[in-house]
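See below for the structure under consideration.
Chain naming here is simple, since letters A, B, ... match the order of the sequence lines and numbering starts at 1 in each. What you see below is based on every heavy atom in this structure, not just the backbone, and it leaves out hydrogens, waters and symmetry mates.
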Protein chains: 2
Amino acid sequence: MGISERKEREKHEKRRLILDKAMQLFVDEGYENVSIRKIAEKIEYSPATIYLYFSDKDEILGNLQKEGFDKFYDFLSKAESETDPVQRVRKLGRMYIKFGLENPEYYDLMFIARAPMKKYIDGLVWTEADKSFLLLRNTVEYAMEKGAIKQGPSLPVAFGLWSLVHGVVSLVNRQRLSEIKDEELGNLIEKSLDEMISGLVKI
Amino acid sequence: MGISERKEREKHEKRRLILDKAMQLFVDEGYENVSIRKIAEKIEYSPATIYLYFSDKDEILGNLQKEGFDKFYDFLSKAESETDPVQRVRKLGRMYIKFGLENPEYYDLMFIARAPMKKYIDGLVWTEADKSFLLLRNTVEYAMEKGAIKQGPSLPVAFGLWSLVHGVVSLVNRQRLSEIKDEELGNLIEKSLDEMISGLVKI
DNA sequence: TTCTTTTACTGAACAGTGTTTATTTTATAT
DNA sequence: ATATAAAATAAACACTGTTCAGTAAAAGAA
């Protein structure tokens, strides 16, 4: 009998619906306007129903965070097409920033918000994010092996680059660059990134 | 008659009391646990009284943010004692990170939280923060003038350095570095900073 | 001192939040 | 048709920021 299979499928579909509507609320109305009651209204069920599919709000946020990391990784992977080692690092940085600025809500969940991290506190591995960091680290190591950038441990360089691009995205998204005009911002980011990366290049 | 002066003084003292207790709650119990009702309980007045001294919660946060910037600027200014231009940049970076890690609640209000920024949206100047950025920019320009780091526009370099240290602080404070052990973190930060700054040095 | 006016303060309410539990509705099996 | 199991919900609890009518206290005027 396919009833239990259908039920399983329906359960999965409802979880999906909740996540989709929650993300839609995020994108349309911003972080502050995502409440269980609003999600409930969107899916046309009572608020209590949501708790049959997720144990709490943080689990919803955590799932969206994970999906953000997946999208993020897929997006960054495109930088692999670049053959020149330094250009590949540069492109990875540019794509990181592009993703962060074009998907501020995902970026928030992934790297800024406290809520979805509660589940991971005390040693639980954060595998999704690590995948992307490994991509960066491998790109740095590739450039080192090719002799394109100064040799040495890859971790400090990769961490420095990550901090740099994360700093850019979070300062922009949280509106801490009031003195910089919008039309100059793109250029400034580009120049800063080039300046810092060219410092790593072997001469 | 000194009555109105006394009243003025008392009003000021109560504002101060509210801000102090609010900050104390921030530090002791974290961002999530700061509510008007809890502040009210701490100062032993009703919640409604707080609205006689501040128009809303964001104004309280905004005031604490401003005070954070003042402390921050005073703290960073100590880097001026360093005479060597490159060492001065390095020290400024280190002090930035030190402040951010040792005062996570202030740092949050200053550079991460959305709430206190609402007031400044739409062009209102953000002077307190700009002062600190100017300090960084001047330090970079000083190093350029002395021929210690590569010449060129100071803005992209200063912005890059700011993004770097902000990235470090916010990744650490928001617990996005689960794969790095606590005892290795200090060293990693130091190495990353050195790596990036030495890239700017003229050869 | 007494009376009036101004200032300071608060209780109670409103609309919102996340979450839980008892109850009802719906679907399946006999 | 009836008993059982599953799914959905209404209502409540304890919070949140904020407002406003009403009270208590202090100040000024008589």
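- When ring centroids are compared, A:F111 and A:Y106 stay outside the 6.0 Å threshold.
- Atom CG of A:L200 and atom CG of B:L200 lie 9.0 Å apart (nearest 0.5 Å).
- Using a cut-off of 4.0 Å between Lys/Arg side-chain N and Asp/Glu carboxylate O, B:R37 and B:E41 are scored as not salt-bridged.
- Rounding to the nearest 0.5 Å places CG of B:N33 at 10.5 Å from CZ of B:F26.
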Protein N or O to nucleotides 21-25 of chain D N or O, pairs below 3.5 Å:
none

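- Note on B:S35: only backbone sugar-phosphate atoms sit closer than 4.0 angstrom, heavy atoms only; bases stay farther off.
- Under the side chain to side chain donor-acceptor pair (under 3.5 Å) criterion, A:S132 pairs with no residue at all, not counting sequence neighbours.
- Residues satisfying the side chain to side chain donor-acceptor pair (under 3.5 Å) criterion with A:S170, sequence neighbours excluded, are B:H166.
- Under the 4.0 Å criterion applied to side-chain N and carboxylate O atoms, A:E141 and A:R137 are assigned as salt-bridge partners.
- A:E10 places its CD atom 11 Å from the C1' atom of D:dA7, with the value rounded to the nearest Å.
- Taking side-chain N and O atoms only, B:K14 has a distance below 4.0 Å to OP1 or OP2 of C:dC9.
- A salt bridge does not link B:K21 to B:E44: none of the charged nitrogens lies less than 4.0 Å from a carboxylate oxygen.
- Atoms CG and CE, from A:L76 and A:M95 in turn, are 6.5 Å apart once rounded to the nearest 0.5 Å.
- Following rounding to the nearest Å, A:E44 (CD) and D:dA8 (P) show an atom-to-atom distance of 13 Å.
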Below 3.5 Å is the cut-off: list the nitrogen or oxygen pairs between protein and nucleotides 20-27 of chain C, distance only.
none

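- Under the salt bridge (Lys or Arg N to Asp or Glu O under 4.0 Å) criterion, B:D70 pairs with B:K66, not counting sequence neighbours.
- In this structure, B:I36 places its CD1 atom 18 Å from P of C:dT17, rounding to the nearest Å.
- B:Y53 comes within contact range of the sugar-phosphate backbone alone, with a heavy-atom separation under 4.0 Å but no base atom that close.
- Annotation: side-chain hydrogen bond (donor to acceptor under 3.5 Å, both in side chains) contacts involving residues 84-98 of chain B, sequence neighbours excluded, comprise B:R90-B:D194, B:R94-B:E190, B:Y96-B:Y107, B:Y96-B:W162, B:K98-B:E102.
- If you measure from atom CG of A:D58 to atom C1' of C:dG18, you get 10 Å, rounded to the nearest angstrom.
- Under the rule for a salt bridge (Lys or Arg N to Asp or Glu O under 4.0 Å), the partners of B:E29 that lie at least two apart in sequence or sit in another chain are B:K38.
- Atom CD1 of A:I39 is separated from atom P of C:dT19 by 10 Å (rounded to the nearest Å).
- Remark: A:F99 engages A:F72, A:F75 in a ring pair (Phe, Tyr, Trp, His ring centres under 6.0 Å) (not counting sequence neighbours).
- Distance B:E59 CD to D:dG17 C1': 14 Å, rounded to the nearest Å.
- The bend of the helix from C:dT2-D:dA29 to C:dT30-D:dA1, defined by the angle between the axes of its first five and last five pairs, stands at 30° to the nearest 10°.
- Using a 4.0 Å cut-off between charged side-chain N and carboxylate O, A:R174 and B:D108 make no salt bridge.
- Side-chain nitrogen and oxygen atoms of A:T49 include none within less than 4.0 Å of the OP1 or OP2 phosphate oxygen of D:dA8.
- From B:I60, atom CD1 reaches atom CG of B:L109 across 11.5 Å, with rounding to the nearest 0.5 Å.
- With hydrogens and angles ignored, a donor-acceptor pair closer than 3.5 Å exists between the side chain of B:R37 and the base of D:dG17.
- Look at NZ on A:K38: it is 9 Å from C1' on C:dG16, rounded to the nearest Å.
- Scanning residues 106-113 of chain A for heavy-atom distances under 4.0 Å to DNA chain D yields an empty list.
- For A:D20, the side chain to side chain donor-acceptor pair (under 3.5 Å) partners two or more places apart in sequence, or in a different chain, are A:R16.
- We find that NZ of B:K11 is positioned 12 Å from C1' of C:dC9, with the value rounded to whole Å.
- Within a heavy-atom distance below 4.0 Å of DNA chain D, the residues of residues 15-34 of chain B found are B:V34.
- Counting non-hydrogen atoms of other residues, nucleotides and ligands closer than 6.0 Å to CD of A:E80 gives a total above 12.
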